[in-house]
Amino acid sequence: MLEVNLPDGSVMQFSRRVRAIDVAEAIGPGLAKATLAAELAGRIVGADSYLPDEGTVDLRLLTRKDAESLGVMRHSAAHVMARAVLRLYEGVELAFGPTVENGFYYDFALEEPISEADFPKIEAEMARIIKENEPFERIEEPRDRAIQLCRDLGQQLKVEHIEQGLRDEQTVSFYRQGEFIDLCRGPHLPGPAAIGAFKLLSVAGAYWKGDASQRQLQRLYGTAWFSKQDLEGYLKRVEEAKRRDHRVLGKQLELFMIDPDVGSGLILWLPKGAMIRRELEGFIYQKLIEHGYQPVYTPVIGRVQLYQVSGHYPYYADSQFPPIDMADGDRYLLRPMNCPHHITIYRSKPRSYRDLPLRLAEFGTVHRFEQSGELSGMTRVRGFTQDDAHIFCTEEQMAAEFRGCLEMTQSVLATVGLHNYRVRLSFRDPHSDKYVGDPATWDRAEASLRQVCEGMELPNLEIEPGEAAFYGPKADFIVADCIGREWQLGTVQLDYNLPSAERFGLEYIGPDNQPHCPVMIHRAPFGSFERFIGMLIEHFAGAFPLWLAPEQVRVLVVSQKFESYGLEVERQLRAAGLRATGDYRSEKIGAKIRDAQMEMIPYMLVVGGRETASRTVAVRERRRGDLGVMPLDQAIARFAQEIATKALPDPGDSRN
RNA sequence: GCUAGCGUAGCUCAAUUGGCAGAGCGGCUGAUUUGUAAUCAGCAGGUUGUGGGUUCAAGUCCCUCCGCUAGCUCCA
């Protein structure tokens, strides 16, 4: 006897062996027809999955109304695509074909390159397979028979996967649909009919098992939805999101440029972008002073030997600009990071425990030779400036210092209204040998960081083994760009390595009058100005809050007759510290407003005959429109207040 | 770096099968003197990313290099 608990609280009893679909059938034929999968005791399974013979079990039947079915459907869509590719090409070996956010992919090994021009014929074949509507059937096989089956199918990659990846499994599962059989954990739809609308999106290379030393496969990306409207909605959202792209807006709003004559991945900050950066620099600088940091300046190059001692030169040799060889044999490296210079300052005199924590800060420009395929706008570049600082402290001070860094990063993100981030606590991969330092120290550091982080309100905090730097664990603040790629912004990193005797041998004299080794924290709340501002452009869709806007106010004269009053208004705005210009062209006021709107200028001051006579201005706000006429002093006070509070723009603007 | 795609005026894009390189915006000049998202007219603007090849003829086809885009790998 089996008792099945359904989500509505009802209980059904079965004395025979039943599948999820049989339960649906018992409730009603309509539900049976709509059932795409099931959640059985908290696990998503196929509708054809058997329930236990006896006992009590929770069951949820999933239809297209349940979010979980979308993933199941997309996985089936991946199988349909693989089946179509097998029909159309000779000698195809299947690799992996999982679902991803908003879609799916499948990796294929085949000689003939697939290009986007081939998509229509693959899509047509997929449509044919969906129309044929053959069911997906689950087959379980013991491992030796499974290996033989894959051999017979000519699927060597699957043979390898069963032998290595699945070496602990006694039986493995396959899914069959017509002539197509694929090693697969599932679950799948009962049949392909629920794949209402799909589209192939792109093809790209991908390495077998993500290992660049392995052979490269062809990865086909697709998206699938229950309805055509859903698909269209998705494609539209993607288009909309691309309008926020910082590379597009950066060009449109003249914030920055990149030119091959200067070099790939090297940012030229245009006046307007530079203004945003100056504001952010001022903002963080003030915070640094408040929190006891001491600014320093150090050069952008240093002797190679310095980086040999730090370990960065040997460890990252191929992602650095090669050393500069001098005639006298000296070699200099364009610095890939700032810490060795700050360490040199620390070492310049004996330090006492009374001096700690010592916090040395610098907006340090560094250069790294990133692979050409990695470069991307301002988010991945070859030259960038970190809002860097290094804290030298005692082991006892470490937790509080680390926490302070996390808090500063949080406060920075909150100030600009970036709430949609996650925090990744990056620990070492215990199975890898790429880390320096002894495991006991690592364990201690990781435990301590974990305690600090878990004692704070950090959104979506997750521990990710294998993401640590080679010298220590870290906490990274991660945000997604307009097309969903994640980027690390702020970071706080613990370092027991560089201060150690094997590296720079840093010391301080403790209360016991004995030398001790300090702990180092590397931290950068923005990460780099380039990447942070790139993300900020997308976050605000180019419409910056008043305190950051490169041009804050524009005076628009109704006709050139009012130019002299306009100039006076402009002068007074600038005298009040506002970034203001005036538009005195012989255009109609509507055209001037439109231009200012498109340049995303927060405030426009319209002045004509009435304003000139009454010494007032007509204030227009970019989002809310005409705010009415007021004395200039009142407008200036309003702007000053908005700047002082770093007020954020209202969300939900329909126009931009 | 690897796989696929792309590169035409300052910007966004067009150019049929290989057959006279074009439009809008922007710029400049002139007219207009304007009241809350585009006033009108005229003019200028190009070795079609680079170098080579095929052809009577190349923006279009082939090769090299450079750059960009998506993905993979990497990311101190």
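Excluded from the calculations below are hydrogen atoms, water molecules and symmetry mates; all remaining heavy atoms, backbone and side chain alike, are included. Within every chain, numbering begins at 1; the chains are lettered A, B, ... in the order of the sequence lines, protein sequences first and strands thereafter. Every value quoted in this text rests on a predicted model; they were computed, and no experiment measured them.
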task = Applying salt bridge (Lys or Arg N to Asp or Glu O under 4.0 Å), run through E401(A) and R359(A) and close with a yes or a no.
result = CA-CA 10 Å; E401(A) 289 299 313; R359(A) 309 181 187 92; 2.9 Å; yes

Donor-acceptor contacts, no H, no angles, side chain residues 200-209 of chain A, under 3.5 Å, sequence neighbours left out:
unit_1  : atom_1 : unit_2  : atom_2 : d
W208(A) : NE1    : E160(A) : OE1    : 3.4
W208(A) : NE1    : E160(A) : OE2    : 3.1

Using a cutoff of under 3.5 Å, can you pull out all pairs of nitrogen or oxygen atoms linking the protein to nucleotides 38-45 of chain B, with atom names and distances?
unit_1 : atom_1 : unit_2  : atom_2 : d
A38(B) : N7     : R594(A) : NE     : 3.0
A38(B) : N7     : R594(A) : NH2    : 3.2
A38(B) : N6     : R594(A) : NH2    : 2.5
A38(B) : N1     : R594(A) : NH1    : 3.3
A38(B) : N3     : R594(A) : NH1    : 3.4
U39(B) : OP1    : E587(A) : OE1    : 3.1

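- Annotation: U47(B) and C75(B) have their P atoms spaced 43 Å apart (nearest Å).
- Side-chain contact between Y105(A) and P98(A): present, with at least one pair of heavy atoms (C-beta onward) separated by less than 4.5 Å.
- Closest to the Y316(A) side chain, of the nucleotides U69(B), A76(B), U33(B), is A76(B).
- Straight-line distance between the P atoms of U55(B) and A23(B): roughly 34 Å, to the nearest whole Å.
- Sequence neighbours left out, the pairs with a member in residues 599-614 of chain A that pass salt bridge (Lys or Arg N to Asp or Glu O under 4.0 Å) are K272(A)-E599(A), R554(A)-E599(A).
- Residue Q371(A) has its side chain nearest to G1(B) when only G35(B), A70(B), G1(B) are considered.
- Remark: the separation of the C1' atoms in G1(B) and C62(B) is 25 Å, to the nearest Å.
- Within the structure, no pair that satisfies the salt bridge (Lys or Arg N to Asp or Glu O under 4.0 Å) test touches residues 199-208 of chain A, not counting sequence neighbours.
- In the set G35(B), A76(B), C11(B), A76(B) carries the atom at the smallest distance from any side-chain atom of M337(A).
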query = Is there a ring pair (Phe, Tyr, Trp, His ring centres under 6.0 Å) between F198(A) and W225(A) once you walk through the steps?
reply = CA-CA 6 Å; F198(A) 66 90; W225(A) 301 82; over 10 Å; no

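- As rounded to the nearest Å, U16(B) and A58(B) have P atoms that lie 16 Å from one another.
- The stretch residues 604-630 of chain A participates, sequence neighbours left out, in no ring-ring contact (aromatic ring centres under 6.0 Å, His included) pair at all.
- In this structure, G609(A) reaches the bases: a heavy-atom distance under 4.0 Å links it to at least one base atom across the strands shown.
- Between the C1' atom of U32(B) and the NZ atom of K561(A) lies a distance of 12 Å, rounded to the nearest Å.
- Backbone-only engagement by A206(A) is indicated by non-hydrogen atom pairs under 4.0 Å involving sugar-phosphate atoms exclusively.
- For the P atoms, the distance linking C28(B) with U34(B) amounts to 23 Å, nearest Å.
- A distance of about 14 Å separates the P atoms of G7(B) and G59(B), rounded to the whole Å.
- Out of G35(B), U34(B), G71(B), the shortest distance to the side chain of E611(A) is found at G35(B).
- For Y313(A) and Y307(A), the distance between ring centers is not under 6.0 angstrom.
- In this structure, S115(A) and S376(A) both approach RNA chain B, and ranking their closest nucleotides by distance from the 5' end singles out S115(A).
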inquiry  = Strictly under 4.0 angstrom, non-hydrogen atoms only: write out the protein contact profile of nucleotides 61-67 of chain B, one letter per nucleotide from the 5' end, B, S or -.
reply    = ------S

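- W269(A) meets the ring-ring contact (aromatic ring centres under 6.0 Å, His included) test with no other residue; sequence neighbours excluded.
- Partners of F321(A) by side chain to side chain contact (heavy atoms under 4.5 Å, CB included), not counting sequence neighbours, listed by chain and number: L334(A), H367(A), F369(A), R382(A).
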query = Given the rule that a pair is Watson-Crick or G-U wobble with both distances under 3.5 Å, how would you write RNA chain B in dot-bracket, using | for pairs to a different strand?
reply = (((((((..((((.....[..)))).(((((.......))))).....(.(((..]....))).))))))))....

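- Closest to the S319(A) side chain, of the nucleotides A76(B), A37(B), C72(B), is A76(B).
- A residue-by-residue look at G377(A) and V629(A) shows that V629(A) has its nearest nucleotide of RNA chain B further toward the 5' end.
- Residues that satisfy the side chain to side chain contact (heavy atoms under 4.5 Å, CB included) test with E93(A), not counting sequence neighbours, are A109(A), Q155(A), Q156(A), L157(A), R215(A).
- Here the C1' atom of nucleotide A37(B) and the CG atom of L556(A) are 11 Å apart, to the nearest Å.
- Whole-Å rounding puts the R554(A) CZ to A37(B) P distance at 16 Å.
- Side chain of I483(A), nearest nucleotide from U33(B), A70(B), G35(B): A70(B).
- With A4(B), A76(B), U33(B) as the choices, the nucleotide that has an atom nearest any side-chain atom of Q493(A) turns out to be A76(B).
- Of the candidates A70(B), U33(B), U36(B), the closest approach to any side-chain atom of I589(A) belongs to U36(B).
- A donor-acceptor contact under 3.5 Å is not formed by the side chain of Q218(A) with the base of G71(B).
- In this structure, the OH atom of Y221(A) is 7 Å from the P atom of G71(B), given to the nearest Å.
- Closest contact between the side chain of R380(A) and the listed nucleotides A70(B), G35(B), C74(B) involves C74(B).
- Rounded to whole Å, the separation between the C1' atoms of G18(B) and G53(B) comes to 15 Å.
- Applying the salt bridge (Lys or Arg N to Asp or Glu O under 4.0 Å) test to pairs two or more places apart or on separate chains, those with a residue in residues 586-597 of chain A are R585(A)-D595(A).
- Counting to the nearest Å, the P atom of C74(B) and the CG atom of L375(A) are 17 Å from each other.
- Residues forming a side chain to side chain contact (heavy atoms under 4.5 Å, CB included) with L567(A) (at least two apart in sequence, or on another chain): E563(A), E570(A), R571(A), Y584(A).
- Contact check on R247(A) versus E538(A) returns no salt bridge, with no Lys/Arg side-chain nitrogen under 4.0 Å from an Asp/Glu carboxylate oxygen.
- The nearest whole Å value for the distance from the CD atom in E599(A) to the P atom in G26(B) is 12 Å.
- Nearest nucleotide to the R368(A) side chain, out of G71(B), C75(B), G35(B): C75(B).
- Taking the P atom of each, C72(B) and G46(B) are spaced 41 Å apart, rounded to whole Å.
- Looking at Y207(A), its side chain has no donor and acceptor atom pair within 3.5 Å of the base of G71(B).
- Rounded to whole angstrom, the span from the CG atom of D318(A) across to the P atom of A76(B) amounts to 13 Å.
- Atom CD of E464(A) and atom P of C75(B) are 14 Å apart (whole Å).
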